[in-house]
Amino acid sequence: MEEFTYRGDATVTRPESLDASATDAWVDYVYLRDNPAGPHKEHWHHSAGCHAWLVVTRDTRTHEILAVEFAREGS
Amino acid sequence: MTAAVREAYGVDLPAKSVTARGKSVNFIGYGPGQWLVVSETLAHEALAEDLATRLKGLASVSDQSGGRAVLRVSGPRARDVLAKGLAVDLDPRAFPAGGAVTSTISHMGVQLWQEGEADSYDIAIFRSVSASFWRWLTASAAEYGYEVVTTS
Amino acid sequence: MAGAFWEKVYEPLIRRSAGLGRAADTADPDHYEKTNAFCDVLVIGGGAAGLSAALAAGRAGARVILCDEDFRLGGRLLAERDEIDGQPALDWLKAAEAELMSLPDCRILRRTTVFGVYDGGTYAAIERVNDHVPVPPEHAPRQRLWRIVAKQSVVCAGAIERPLLFGDNDRPGVMLAGAVRSYVNRYGAAPGRHAVVFADNDAAFRTATDLADAGIAVNALIDARRDPSPAAQAAAESARAPYFSGAAVTSVRGALGIKSVLITDMNGQNQQFDCDVLAMSGGWSPTLNLTTHLGGKPAWDNGLSALVPGDLPPGMSVAGAAAGKFSLDACLASGEGAGAEAARNCGYSPSAPARPVAKEEAATPASPLWQVEKSRGKAFVDFQNDVTVSDVKLATREGFRVPEHVKRYTTLGMATDQGKTSNLNGAAVIAGLTGRYIGAVGTTTFRPPYTPVAIAALVGHHRGPDFRPTRLTPSHAFAKERNAVFVEAGAWLRALYFPQAGEAPQDTVNREVATVRSKVGVCDVSTLGKIDVQGTDAGTFLDRVYANTFSTLAVGKARYGMMLREDGFAMDDGTTARLAEDHYFMTTTTANAVKVMQHLEFCQQVLWPELDVQTVSATEQWAQYAVAGPKAREVIAALLDSGQDISNEAFPYMAAGSFTVCGGTKARLYRLSFSGELAYEIGVPARFGDALIRAIIEAGAPHGIVPYGTEALGVMRIEKGHAAGPEVSGQTTAHDLGLGKMVSKKKDFIGRFMGERPALTEIERASMVGLRPVDKDTRIRAGAHLVPKDADATASNDQAMSPPWPTRRSSEAGSRWRCSPAGRSATAK
Ligand SMILES: [Zn+2]
């Protein structure tokens, strides 16, 4: 579907610390992703529409969309 | 901002994807907190300047008048023509009078809104793809027959 | 020479006899198109069930789309002599069709097959708009692909009759009983002069009555069921033909056309009957393909001896024969019920139905024959791919016991019909051979498309120049007039160079570069991504997305910026100007314009929603030209309206400001240099782009100005040592690109932390270097090998990171180039 652009896991949070002790948190944030079978919160961009970033709750087994909210409001 | 717009242009800023026509300008909601403003009287930069002055401190204004072409597709087969490129339901049951939408037509980004007659749609397209868009539009309308009317 | 003989003689012979056609060598002359439709209830199939469903939903007020693959609605009603409400079924059909056409929101698509089911209630259908005429009318498509989004769908796709498996069942004249009835009842065509009917179900024996009533002799009715069926006996009586139960056709005589059949009755006695048509029926398989496209598995119904729909996709229901409801009355009832239910699910209130009724005849249950054991000759299972019962037997002997494996071993069900008539018969043969219950054998998976679809229909308008949208620059018309050679840059078409008459491409580029270096040139750079960044926190925002700092940039100044990805690698670069305290204007590379916009929106909406910053793409808004060369200032000055100063003092390097040009047109001017010399970029609203390039050429004429293309731009930026798209490859860091000093240590920004990882900062990393040929008359070509000065051109001396070549090869391919390092340190190790 060209209307939306998929980004991925919306549950990760960008670390605030730049301290060396934050390395694990940064590696987690940039590289490590869970791959749950079931409902999953994901970032989608309405790229051909209003340009909003959305948090889409999708069942990864059925592709059923369970919930959609604006990322800006969710945070 | 709603108050400022009402005061300046005599219209309630639409909260959804619909058009709201005020004094000489038309506010078209196309996303949360975003409006495309179209005017047939305030030409080009004049509109952006007018908005920037009247909404100072309330909204960011970016002139897009050079980057878009606006055309109107109307007639009893208008929806059939647009359906050949637009995956949006324009049936009056789904797309009420004054509705607006940002989407793609034949893979080209568009803003489309309905005003006036039920079978009439205004479409803002990007300047760079206007030749490709025109080829798609004429190819899609050819089956039904079409007439090109230019306005100044 | 055996190969040549094969290619010239055998293969053409085989292809001809197999009926394989020739590939076309010219483009398809016809026009195809795609379209979208939306509805409450999509009814798939326009037979008795489908018409009832569409009527029920349509009368309730729902938006209905009814698709049928035939050019006439009615399905089997057209081929049978049924009665509805005591009247000929065709009368009911006529009234139903007229009513549907009178409904305001019911669209009937004839010659249209729904061939795929997708997520979100999306269905694909192919309409054969003009396949039936030799040449479609002008401007009319041959085929139209429909993408239908439906809240509910009712699958009334009917059922497909199964052939019986006996020897020589492929002889001309052997046909499905339903096909025989279609010939006789629908088309008024006699399929033969004398017929035999061979079947295992009551419905098929109606064929005998229909044939006899049409004046075609029926010589025998062969019923595979042991117990005589009253209905079949009645049909035999009306056709004045002998009836045999517990019998089977065991062989067929006649090579080019059937002449007679040999039957074996229940006592094992053989009898021969003359006939030139054999109507056969092994029962009907519900057409449930669409119910399985999203993963649903059909279920085996033992009573019906048929696969019936199992789990259905959301919003879908099945009615009529597709649901295993084979009688006409059950079709009418289930269609009506499903249509009303679908409308109800869309929020409409269907009225209590006064539904039409068809007389239900008491039927003897079908008892599937599956296979005539004792018959001679080849018994075809898959008539399209020529797979016989003995092929399936061989497969099971070889150990292939599930349909998916047998299919791949024998090609059973792999022809263009995808096993519509053969899959279940194949499964039954496997079940028999492996001693299993047929429901346990399973079936193969149905996938879209249900029926073959021309690629052209999937492509629609998007062929040739319309393959995808083309973006044209504001100076496109000008460039075309100047005979520019264009290059695709993403969706953009950009001028590559502007050849003059008789000029070789390299000479053109050299001339363009030389003119810019010595005089002045103009290049369209409007394709660069341009992003308007506004808001009180715009500076803070840019500090977080760029590796370097922008909040400290003075109003009226521009700065080169490098953006990293969060993993620390370079993402994009460009120049951003500060137009006001709370207003920046960013440029990105052409290739990354969309990606950067999306990235900024992510940062803004997801990472830092608390910042007061707004971004919007202004790429299309501005026509922007680079005017570069020693005479650039004179050219720009000539364009400016009087009283505006762009002397070096008033408008120094990296200045940015608003001016008016050509008598009051607002323009933005930036003093930037992409290629090293005195240069400006001037932007005007895009509608003035064409006028501005012509004005620049006119103003520059006294100075010998030339338009230059992206090739010259590339040459000059490489000579200048400017990293660009090819170097920002996703594997390079700011350090690698020689831009490490730009990276701020004082703030957090995207890519800051991960960019400091040891592997990304170690000194040993590959880095960008400039190269200059020792012999200046020669050119370093892409892919050339580098060897140390005066060293032999051998693999061991090659400085590239590559596995060693065998010595013999490297001396042949060895480089003529002797390159000395230039720019940053490039030492040959
Ligand atoms: Zn949206």
Side-chain angles (χ1 to χ4, degrees), chain A residues 1-33 37 40-75, chain C residues 36 117-122 147 149 294-296 311 313-315 462 468-469 531 544-545 564-569 593-617 744-760:
Chain A
M1 198 54 208
E2 64 174 338
E3 191 177 356
F4 293 92
T5 307
Y6 179 82
R7 179 182 166 106
D9 197 345
T11 63
V12 291
T13 311
R14 190 173 188 270
E16 287 187 0
S17 170
L18 294 176
D19 197 81
S21 64
T23 301
D24 286 352
W26 277 101
V27 168
D28 276 4
Y29 172 67
V30 174
Y31 293 113
L32 295 183
R33 294 292 179 270
H40 189 38
K41 281 187 189 295
E42 301 166 335
H43 276 131
W44 295 54
H45 188 234
H46 195 191
S47 42
C50 66
H51 282 227
W53 277 97
L54 306 169
V55 176
V56 173
T57 309
R58 181 179 67 102
D59 190 316
T60 58
R61 298 163 303 182
T62 60
H63 303 308
E64 192 185 350
I65 306 293
L66 304 167
V68 180
E69 55 193 341
F70 287 115
R72 187 193 282 278
E73 285 165 12
S75 50
Chain C
N36 295 281
V117 182
Y118 305 91
D119 285 334
T122 306
R147 179 181 166 278
V149 179
L294 291 179
D311 291 341
H462 304 285
R468 65 173 180 182
I531 299 169
R544 294 188 190 179
V545 295
L564 307 184
R565 305 190 310 214
E566 196 69 278
D567 65 4
F569 288 93
V594 172
K595 195 168 101 181
V596 170
M597 189 71 223
Q598 202 164 62
H599 172 68
L600 295 187
E601 282 164 344
F602 183 81
C603 295
Q604 198 187 334
Q605 296 174 27
V606 180
L607 297 184
W608 307 302
E610 70 281 5
L611 294 183
D612 170 25
V613 60
Q614 291 81 42
T615 58
V616 68
S617 169
S744 170
K745 298 272 178 217
K746 295 190 202 123
K747 53 163 186 148
D748 182 19
F749 58 88
I750 299 285
R752 159 83 197 260
F753 189 90
M754 297 299 267
E756 287 174 356
R757 286 178 289 169
L760 269 66

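Every chain is numbered from 1 and lettered A, B, ... according to where its sequence line falls, protein lines coming before strand lines.
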Peer 1: Using heavy-atom distances under 4.5 Å, tell me whether Thr13(A) contacts chain C through its side chain, its backbone, both, or neither.
Peer 2: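 Contact with chain C involves no heavy atom of Thr13(A) at all.
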
Peer 1: Which atoms of Asp748(C) come close to chain A, meaning under 4.5 Å heavy atom to heavy atom: side chain ones, backbone ones, both, or neither?
Peer 2: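 The answer is both parts of Asp748(C).
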
Peer 1: Which answer fits Gln604(C), side chain, backbone, both or neither, if we ask what part of it has an atom under 4.5 Å from a heavy atom of chain A?
Peer 2: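 Its backbone and side chain both get close to chain A.
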
Peer 1: Among Thr62(A), Asp19(A), Ile65(A), which residue forms the greatest number of heavy-atom pairs with chain C at distances under 4.5 Å?
Peer 2: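 Most pairs with chain C among the choices: Asp19(A).
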
Peer 1: I'd like to check the ring pair (Phe, Tyr, Trp, His ring centres under 6.0 Å) partners of Tyr6(A); sequence neighbours left out, ordered by chain and number.
Peer 2: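 Partners of Tyr6(A) by the ring pair (Phe, Tyr, Trp, His ring centres under 6.0 Å) criterion, ordered by chain and then number, come out as Trp44(A).
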
Peer 1: Checking His43(A) now: which residues fulfil ring pair (Phe, Tyr, Trp, His ring centres under 6.0 Å) with it, not counting sequence neighbours?
Peer 2: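 Partners of His43(A) under the ring pair (Phe, Tyr, Trp, His ring centres under 6.0 Å) test: Phe602(C).
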
Peer 1: By a 4.5 Å heavy-atom criterion (distance strictly below it), what part of His63(A) contacts chain C: side chain, backbone, both, or neither?
Peer 2: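 Side chain only.
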
Peer 1: Starting at CD1 of Ile750(C), measure out to CZ of Arg565(C) and round the result to the nearest 0.5 Å.
Peer 2: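 It is 12.5 Å, given to the nearest 0.5 Å.
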
Peer 1: Can you tell me which portion of Ala52(A) sits under 4.5 Å from chain C's heavy atoms? Options are side chain, backbone, both or neither.
Peer 2: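 Contact with chain C is through both the backbone and side chain of Ala52(A).
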
Peer 1: When rounded to the nearest 0.5 angstrom, what distance separates CZ in Arg752(C) from CG in Leu18(A)?
Peer 2: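 One gets 5.5 Å once the value is rounded to the nearest 0.5 Å.
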
Peer 1: Give, for atom CZ of Arg72(A) and atom CD of Glu601(C), the distance between the pair rounded to the nearest 0.5 Å.
Peer 2: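 Going from CZ on Arg72(A) over to CD on Glu601(C), the span is 10.0 Å.
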
